[in-house]
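Every chain is numbered from 1 and lettered A, B, ... according to where its sequence line falls, protein lines coming before strand lines. As the structure is a computational prediction, the values presented were derived from the model and not from experiment.
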2 protein chains.
Amino acid sequence: MSLQEAIAAALVKARKKRKLTQEELGYRAGYDPVYINMLERARRYPSIRAIFNLSEALGITPAALMEDVQKQIGFKPR
Amino acid sequence: MSLQEAIAAALVKARKKRKLTQEELGYRAGYDPVYINMLERARRYPSIRAIFNLSEALGITPAALMEDVQKQIGFKPR
DNA sequence: CTGTAGACTATCGTCGACA
DNA sequence: ATGTCGACGATAGTCTACA
């Protein structure tokens, strides 16, 4: 599983937990729904700015989102 | 303190803790030293990919780096 | 409600040079 | 060892439209 795919999966999971549509999330985070869709299909790497905006709209911390991603790709600092 | 500045501060702090130069960090993380310099002067927002690469080179987790940033800007999920 | 496409603008990240 | 510049190619993110 690539980093991009892990981010996509983490975003979908967090959004569904909050029972939001891609469109609602886009609106709340200030992004185009088409872009949200691209992120969830692993077509784009979000900037850290986007991560913060999306996290806030999702009601989770960026750190928590990162942890979810780390687990999926088995990240280990050296 | 802006998000950009918080990221810059967190990166400088982590790099100095590891006693690396900007050049060494750039080399280890696979980025141009000029770019590391830009990040540390708050001139660029790193992509999430860069965050992962930099974190690995810094020997910390991306989540830990994000927590440091969150604290500095007082991030609160709604 | 989600996925896809194309064309667009803004920003990331590289590179050579110099102080 | 760091800071700065300008130019550049690559990629983030927008917008309209349709299935």
Rounded distance in Å - CD1 (Ile36(B)) to P (dC12(C)) = 14 Å
If you draw a 6.0 Å radius around CD in Glu23(B), do more than 12 non-hydrogen atoms from other residues or ligands fall strictly inside?
-> no
Does OP1 or OP2 of dA12(D) have a side-chain N or O of Ser47(B) closer than 4.0 Å?
-> no
Summarise protein proximity over nucleotides 3-11 of chain C in one line of letters, 5' to 3': B for base, S for sugar-phosphate only, - for none, counting protein heavy atoms closer than 4.0 Å.
-> BBB------
Are the side chains of Ile51(B) and Ile51(A) in touch, meaning some heavy atoms are under 4.5 Å apart?
-> no
If you look at every strand shown and take non-hydrogen atoms under 4.0 Å, does Gly30(B) touch a base, only sugar-phosphate, or nothing?
-> sugar-phosphate
To the nearest angstrom, how far is Asp32(A) atom CG from dT16(D) atom P?
-> 9 Å
With sugar-phosphate meaning primed atoms plus P, OP1 and OP2, does Pro33(B) contact a base, only sugar-phosphate, or nothing at under 4.0 Å between heavy atoms?
-> nothing
In whole angstroms, the gap separating P of dA12(D) from CD1 of Ile51(B) amounts to 14 Å
Here the distance between atom P of dT14(D) and atom OH of Tyr27(A), to the nearest Å, is 15 Å
Lys/Arg-Asp/Glu bridge criterion (N-O < 4.0 Å) met for Arg18(A), Glu24(A) | no
Is Arg15(A) reaching over with its side chain to a backbone N or O of Leu20(A), donor-acceptor style, under 3.5 angstrom?
-> yes
Atom CZ of Phe52(A) and atom P of dG13(D) are separated, to the nearest Å, by 14 Å
Contact summary for Arg44(A) and Pro46(A), nearest pair of heavy atoms = O-CD, 3.7 Å
Let me know the distance between CG of Leu11(A) and P of dA12(D), rounded to the nearest Å.
-> 14 Å
Do the non-hydrogen side-chain atoms of Asp68(A) and Lys13(A) ever get within less than 4.5 Å of each other?
-> yes
Here the distance between atom P of dC12(C) and atom CD1 of Ile48(A), to the nearest Å, is 11 Å
Look at the side chain of Thr21(B) and decide which nucleotide, out of dA1(D), dT2(C), dA12(D), has an atom nearest to it.
-> dA1(D)
In terms of heavy-atom contacts, does CZ of Phe75(B) have more than 12 from other residues, nucleotides or ligands at under 6.0 Å?
-> yes
When rounded to whole Å, the CD to P distance for the pair Gln4(A) and dA10(D) reads 17 Å
